[in-house]
Amino acid sequence: MQEYDVIIIGAGHNGLVCAAYLLKAGYSVLLLEKRSVPGGAATTEECLPQQAPGFKFNLCAIDHEFIHLGPVVQELELEKYGLKYLECDPVVFCPHPDGKYFLAHKSLERTCAEIARYNQRDAEKYAEFTQYWQRVLGAMIPMFNAPPKSILDILGNYDITKIKDLISVIGSPNKTLDFIRNMLTSAEDLLNEWFDEEFLKAPLARLASELGAPPSQKTIAIGAIMMAMRHNPGMARPRGGTGALVQALVNLVTSKGGIILTDCQVKKVLIDEGRAVGVQLANGNEYRAKHGVISNIDAKRLFLQLIDKSDVDAADPDLRERLERRIVNNNETILKIDLALEEVPRFERYAHKDEYLIGSVLIADSVAHVEQAHNKCTLGEIPDSDPSMYVVVPTVLDPSMAPPDKHTVWIEFFAPYQIAGAEGTGLNGTGWTEELKNKVADKVVDKLAEYAPNLKNSIIARRVESPAELAERLGAYKGNYYHIDMSLDQMVFFRPLPEIANYKTPIENLFLTGAGTHPGGSISGMPGRNCARIFLQSKHPIAQTLKDARDSIKSTVGSVFGINK
Ligand SMILES: Cc1cc2nc3c(=O)[nH]c(=O)nc-3n(C[C@H](O)[C@H](O)[C@H](O)COP(=O)(O)OP(=O)(O)OC[C@H]3O[C@@H](n4cnc5c(N)ncnc54)[C@H](O)[C@@H]3O)c2cc1C
């Protein structure tokens, strides 16, 4: 039986990031991936080889913001392994039914000038609002880039700018109380407090709701950072698609001797006297892990599906029930549409310029429109009578993703996993069938064509993936691409549960990473890096803590004296 120092279950981007850090620290690593390609929700695939050869599609993630809030790309020197980020500017285009449109550039000043064409007050408020949330972000970045219960790691991440941000957000009792109130309120309330114009509030609501909750939901106003980030540090996409990030990680991992085996579904984690010692695959093969097993899949799947009940109960008799009943995965996921096109969709009524399509195109007619897009999913209804959507035309920024002069369109449409009243029918009892997903996709495309009338005639081929199919591909509960919901009660040291929030579990040598751990889903690599830190600290408590402290002091001193790059 083959033995490695570390085995990682799943080769999503977080599993790969974690592997890279452990390989660099001298451990041998085996990654086992159930699909035929690594990357999880971060792949780029030529998924229509017959109808649209040469067209490459991001099957899931496309816009990268969070990864630029951490050091993963630089620390792992991913450019050396083939990664090249292309910056988006403009970052958002949202046409409004009344003929106005929100065009956000990377530059805050230019964006304000766009808003001022319609409303001077909102333009001024937008600058203030964005600067506030950028300071909140600055104050939080040190927490994102450290294990949530590792105070020293967190403190070490504060440089002078971030300390200033922190003080400006919670530097007096009233500022602190205002900040807490902002955290407790909803995106909708916050937007109404700041702005008058619907053409501005609607796209901001849509982006805030990317955290997976309607704009009216309390405790989720933090979603405001989703727009603030697009101004600074900005939004970018890997040349060649999100899969190019994965490819760079694969190049790094394999160049350091890491092994990635695809088509290898882990069926069971092997436990011996309370320690994780290896895994068994669905095909019966077994691999041994000398120092640890790390799960890139969430705690619920890991403990409830891959580990014998008696082993979990022996480690923590309450854990199974708490995972089963306390963790929340709401009913909302994505129906994904990919189009191969003859030409770029043209938004003629909105002074179309191809460059408007470099960033994300949001179809969000009003805050109420965004509200129904999410609320209906919760009730098991499909919000397709008037679809709201997030659209990207990746080929405007990166023509390498399609044959010359051709284009692709990426559409994210929120949809329920379980359709109410259709229980027990369709794929895995969700109610989703081929016919239904195509009917819904037709309505989504029809709505987009109201804005870009040339769209339908330019379609060469189309791929539609229903929520049930997406869930099956990712292996995620109810198709939750954040593994578990991103609500405040499941963030930071609550993610996924307080007792397993620091990447360690009650089973010795069994660790957690991935979107279901702090700081959560999206393309960030942070859960992978943070988990690697905890793993190394647990194996070399003194040496690693000293090294981390030295690195932190160096970077803080560097920031004070301006000697960091
Ligand atoms: C349609 C869509 C659009 C998105 N858009 C964006 C975006 O624009 N920007 C952004 O930042 N984020 C976006 N996201 C979210 C983001 O893609 C994910 O949160 C992120 O990729 C999760 O990465 P991960 O490595 O933690 O987990 P995953 O990518 O889920 O990786 C887990 C891996 O484990 C594998 N696996 C599962 N079970 C087993 C098993 N038993 N044995 C072996 N392997 C197993 C899976 O196949 C997968 O490869 C999007 C997600 C979706 C679905």
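All values below were derived from every heavy atom in this structure, side-chain atoms included, with hydrogens, water molecules and symmetry-related copies excluded. One-based numbering, in listed order, for ligands and for the atoms of each. Just so you know, these numbers come straight off a predicted model, no measurement behind them.
In terms of protein heavy-atom proximity, atom 41 (N) of ligand 1 is closest to Val266 O, 3.1 Å. Ranking the protein heavy atoms by distance from atom 52 (C) of ligand 1 puts Cys60 CB, 3.5 Å first. Counting only heavy atoms of the protein, atom 44 (N) of ligand 1 lies nearest to Lys34 N, 3.2 Å. From the protein, the heavy atom lying nearest to atom 9 (N) of ligand 1 is Asp63 O, 2.8 Å. Atom 49 (O) of ligand 1 has as its closest protein heavy atom Glu33 OE1, 2.5 Å. Nearest non-hydrogen protein atom to atom 14 (N) of ligand 1 is Ala61 CB, 3.8 Å. The nearest heavy-atom contact from the protein to atom 34 (O) of ligand 1 is Gly10 CA, 3.3 Å. The single protein non-hydrogen atom nearest to atom 11 (O) of ligand 1 is Ile523 N, 2.8 Å, given as residue, atom name and distance.
The side-chain contact (heavy atoms from CB on, under 4.5 Å) test with Val293 singles out one residue from Leu270, Leu510, Thr505, and that residue is Leu510. Glu412 pairs in a side-chain contact (heavy atoms from CB on, under 4.5 Å) with only one of the listed residues (Ile334, Val444, Val391, Leu335), which is Ile334.
To the nearest 0.5 Å, atoms NZ (Lys56) and CG (Leu48) are separated by 14.0 Å.
If you check each of Ser522, Gly516, Ala515 against atom 19 (O) of ligand 1, the one with the closest non-hydrogen atom is Ser522. Compare Tyr481, Tyr390, Phe413 by their heavy atoms: the one nearest to atom 18 (C) of ligand 1 is in Tyr481. Relative to atom 37 (C) of ligand 1, the option among Ile297, Ile8, Asn14 with the closest non-hydrogen atom is Ile297.
Contact atoms of ligand 1 toward Gly521: 19 (O) (distance under 4.0 Å to a heavy atom of the residue). Close contacts of ligand 1 with Gln265, meaning ligand atoms under 4.0 Å from a residue heavy atom, involve 41 (N), 42 (N). For ligand 1, the atoms sitting less than 4.0 Å from at least one non-hydrogen atom of His483 are 26 (O), 27 (O), 28 (P), 30 (O), numbered in the order shown with element in parentheses. Those atoms of ligand 1 with a heavy atom of Leu32 less than 4.0 angstrom away are 43 (C), 44 (N). The contact set between ligand 1 and Gly514, taken as ligand atoms under 4.0 Å from a residue heavy atom, comprises 26 (O).
Of the charged side-chain nitrogens involved, at least one lies within less than 4.0 Å of a carboxylate oxygen, so that Arg301 and Asp298 count as a salt-bridged pair. With respect to the salt-bridge test (charged N to carboxylate O, under 4.0 angstrom), the residues Arg206 and Glu210 qualify.
Checking only distances, Arg473 never comes within under 3.5 Å of ligand 1, N or O to N or O. Here's the thing with Ala41: one of its N/O atoms is less than 3.5 angstrom from an N/O atom of ligand 1. Distances between N or O atoms of Phe66 and those of ligand 1 include no value under 3.5 Å.
In this structure, the ring of Phe535 has its center less than 6.0 angstrom from the ring center of Tyr27. Ring pair His518/Phe493: centre-to-centre distance not below 6.0 Å. In summary, the aromatic rings of Tyr85 and His68 are positioned with their centroids under 6.0 Å apart. Between Trp410 and Tyr390, the ring centre distance stays below 6.0 Å.
Between the side chains of Asn428 and Glu472, at least one donor-acceptor pair of N or O atoms lies under 3.5 Å. A donor-acceptor contact under 3.5 angstrom links the side chains of Asp489 and Ser487, judged on distance only. At a cut-off of 3.5 Å, with distance as the only test, a side-chain donor of Ser360 or Asp63 sits close to an acceptor on the other residue. A side-chain N or O of Thr44 and one of Asn58 form a donor-acceptor pair less than 3.5 Å apart. At a cut-off of 3.5 Å, with distance as the only test, no side-chain donor of Asn14 or Asn296 sits close to an acceptor on the other residue.
At a 4.0 Å heavy-atom cut-off, ligand 1 touches Cys264 through the backbone alone. Contacts between Ile334 and ligand 1 below 4.0 angstrom, taking non-hydrogen atoms only, involve the side chain exclusively. At a 4.0 Å heavy-atom cut-off, ligand 1 touches Arg301 through the side chain alone.
Residue Pro38 places every heavy atom at 4.0 Å or more from ligand 1.
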